[in-house]
Amino acid sequence: MGVKEPHVRPFYDPPSLVLRQVASLMAFKRLTGWPGLDRWLPKAGLMLRTAAGALGFGCFGMPIHPVYEVTAACNLRCIHCHARGGKPLPDELDTEGAKDVIRKLAEVPEFRTLVFTGGEPLVRPDIYELIAYAKRLGFSVLIATNATLITKAVARRLRDLGVEGIAASIDFVDPRQHDQYRGVPGAFRRAVEGIENAADEGLYIHINITLSKLNLNQLEDLIRFADRLGAYVVFLYQLLPAGRGEALRNLLLSREELLQVMERVKRIQREVKPVIIPVGLPEYFAYLVKDSPALRVYPNFFRGCSAGGGMFYVKPNGDVWPCAFVPIKAGNLRSQSALEIWRNSPVFRALRDRDNLKGPCSTCRFRDVCGGCRARAFALTGDLFASDPMCPLVNVRAEEAAQGRAAAAIGP
């Protein structure tokens, strides 16, 4: 007898989850002036399936969801790739091993959406078989891709398999710069064609942008370009020193530049229809709520850093990390269940308890809506729970502390 297959709970079970997703979106709209409801509402069913399992907004969008890096193989050679994409790793799981990973993920009641990533997932020969299996178990499926391989035929096949959408990467509005960054001539043209092919088949479009000193001056142009491509969401990744990005520390944004990103994103969010989520910058959620008298309410909708609490990142060999940029093994799905790791891994449990944070992050009044970037803290200090050393709100905290000291000195 074979192993009994689990089945993922539908996005509307329980109905309160959908209500929470809607409430989170409305809270975001209230704080930013986001004008994109007219793009989202006609695709309401698709958007709810895409956000399936979400508890609100976080650093990686709407947690909770697993991400499965099915291969390190890639047809591009991006200079910043956290997965060091290129050739397949020698210990990548075969088809049956990958299906076992997907089956184990389906056993976690909180998981409803599964993202396939890489490398480039579309170069894996059995990717369509894996997608079909994930759909059979009830997952909503997204493909995180460089989009260069999405021909009209590929887009049609993804649609026929029931894939909800793609998350595609565009890092420069100048094709020459994008191609140079991605390591292959023609990458920009082929990526845009791939995105358009996916959109023509009715797939959800999500654009990933990695920000660094190289393209900070193109921030608004990139977001407007994503808007013109019909994106529903833009993930604005901050370059982090992970994978090949370790060699690019000179391109990391400074504290002052990160503050500029938050200011500029909030300003442009009032003008564009994609929801913009800065990844690796959970301080953005603190920035949105810092002047709100309802600060205590917002942890119900915004959780900031998703490491361990909203992200479940599976490597090609079955290792599980709490975030794509936190290279700490929390378990391995060859020998453990996903449910065991999700609920009992010491790494995951420690990350969910923000009482474990140190330094200014531990006492910050925005702790519950932010938490600091754990990946940046780990990469720059070696301590997963250290205060985020590049927090762009450090001056805000200093001013508040000074005001508190002044009030105490004056007395009642």
Side-chain angles (χ1 to χ4, degrees), residues 14-34 51-65 109-113 233 235-236 238 258-259 262 265-266 269 275-312 322-323 326 342-343 347-377 384-388 391-394 396-397 399-401 404:
S16 59
L17 191 56
V18 174
L19 294 176
R20 181 165 180 167
Q21 292 163 10
V22 172
S24 298
L25 190 63
M26 292 302 98
F28 180 82
K29 177 177 173 60
R30 179 183 179 87
L31 289 168
T32 64
W34 169 65
L55 297 177
F57 281 75
C59 177
F60 267 95
M62 304 268 286
I64 300 170
H65 64 272
E110 294 92 337
F111 293 172
R112 293 170 173 81
T113 297
V233 172
F235 272 9
L236 202 60
Q238 314 308 302
L258 290 173
L259 179 59
M262 296 194 303
V265 167
K266 185 179 180 183
Q269 183 66 89
V275 166
I276 308 166
I277 304 292
V279 176
L281 192 55
E283 290 87 355
Y284 180 64
F285 299 99
Y287 179 75
L288 291 182
V289 305
K290 66 183 179 65
D291 298 321
S292 173
L295 178 59
R296 293 182 180 180
V297 174
Y298 285 111
N300 294 311
F301 308 123
F302 306 139
R303 288 295 296 164
C305 181
S306 297
M311 171 65 69
F312 189 95
C323 168
V326 177
W342 175 249
R343 293 191 175 169
V347 176
F348 277 68
R349 291 171 69 92
L351 281 166
R352 290 172 192 154
D353 184 356
R354 291 190 174 168
D355 284 341
N356 290 321
L357 297 179
K358 302 174 184 176
C361 277
S362 68
T363 56
C364 180
R365 71 186 183 101
F366 306 122
R367 187 181 74 169
D368 290 336
V369 296
C370 172
C373 179
R374 297 300 95 216
R376 187 161 49 237
L384 186 59
F385 300 99
S387 191
D388 186 339
C391 174
L393 294 178
V394 65
V396 172
R397 294 200 309 241
E399 289 172 7
E400 290 177 344

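All values below come from the heavy atoms of this structure, side chains included, with hydrogens, waters and symmetry mates left out.
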The reported gap from SG in C59 to CZ in F285 (rounded to nearest 0.5 angstrom) is 7.0 Å

Taking all non-hydrogen atoms of both residues into account, name the closest pair between P299 and L295 and its distance.
-> CD-O, 3.2 Å

Identify the two heavy atoms, one from A386 and one from A377, that lie closest to each other, and give their separation to 0.1 Å.
-> O-CB, 3.5 Å

Of all the heavy-atom pairs spanning A23 and F301, show the shortest one and how long it is.
-> CB-CE2, 3.7 Å

Applying side chain to side chain contact (heavy atoms under 4.5 Å, CB included), run through V279 and Q238 and close with a yes or a no.
-> CA-CA 6 Å; V279 176; Q238 314 308 302; 6.0 Å; no

Working for side chain to side chain contact (heavy atoms under 4.5 Å, CB included), residues L281 and R376 | CA-CA 9 Å; L281 192 55; R376 187 161 49 237; 4.2 Å; yes

Nearest heavy atoms of R343 and R349, plus distance in Å | O-NH1, 3.1 Å

Non-hydrogen atoms of G309 and W342 that approach each other most closely | O-CH2, 3.5 Å

Indicate yes or no: at least one non-hydrogen side-chain atom of L288 is less than 4.5 angstrom from one of Y298.
-> no

Answer whether the closest heavy-atom distance between the side chains of S306 and I64 falls below 4.5 Å.
-> no

How far does CG of D388 sit from CD of E283, to the nearest 0.5 angstrom?
-> 4.5 Å

Checking N300 side chain against V297 main chain: does a donor-acceptor pair fall under 3.5 Å?
-> yes

K266 to Y287, cation-pi by 6.0 Å centre distance and 45° axis angle = yes

So CD1 of I276 and CZ of F28: to nearest 0.5 Å the spacing works out to 7.0 Å

If we only count heavy atoms from C-beta on, is the R367 to D355 side-chain gap below 4.5 Å?
-> yes

Examine distances only and state if a side-chain atom of R303 and a backbone atom of C370 form a donor-acceptor pair shorter than 3.5 Å.
-> no

Do S24 and R20 touch side chain to side chain, with heavy atoms closer than 4.5 Å?
-> yes

Residues L17 and A54: closest non-hydrogen pair is CD1-O, 3.1 Å

Mind checking the CG-CG spacing from L393 to L259? Nearest 0.5 Å is all I need.
-> 7.0 Å

Show the numbers, then the answer: is there a side chain to side chain contact (heavy atoms under 4.5 Å, CB included) between C373 and C305?
-> CA-CA 6 Å; C373 179; C305 181; 5.8 Å; no

R374 side chain near L357 side chain, heavy-atom distance below 4.5 Å = yes

Flag the pair F366 / K290 as yes when at least one side-chain heavy-atom distance between them is below 4.5 Å, and no otherwise.
-> yes

Which class fits the ring pair F302 and F57: parallel under 30°, tilted 30 to 60°, perpendicular over 60°?
-> perpendicular

Nearest 0.5 Å, what's the CD1-CD distance between I277 and Q269?
-> 8.0 Å

From CG (N356) to SG (C361), nearest 0.5 Å = 12.5 Å

Kindly say whether W34 contributes a backbone atom to a donor-acceptor pair with the side chain of K29 at under 3.5 angstrom?
-> yes

Student check: side-chain heavy atoms of P322 and M311 closer than 4.5 Å = no

So F348 and F312, would you call those rings parallel, tilted or perpendicular, with 30° and 60° as cut-offs?
-> tilted

Y284 side chain reached by P278 side chain, heavy atoms, under 4.5 Å | yes

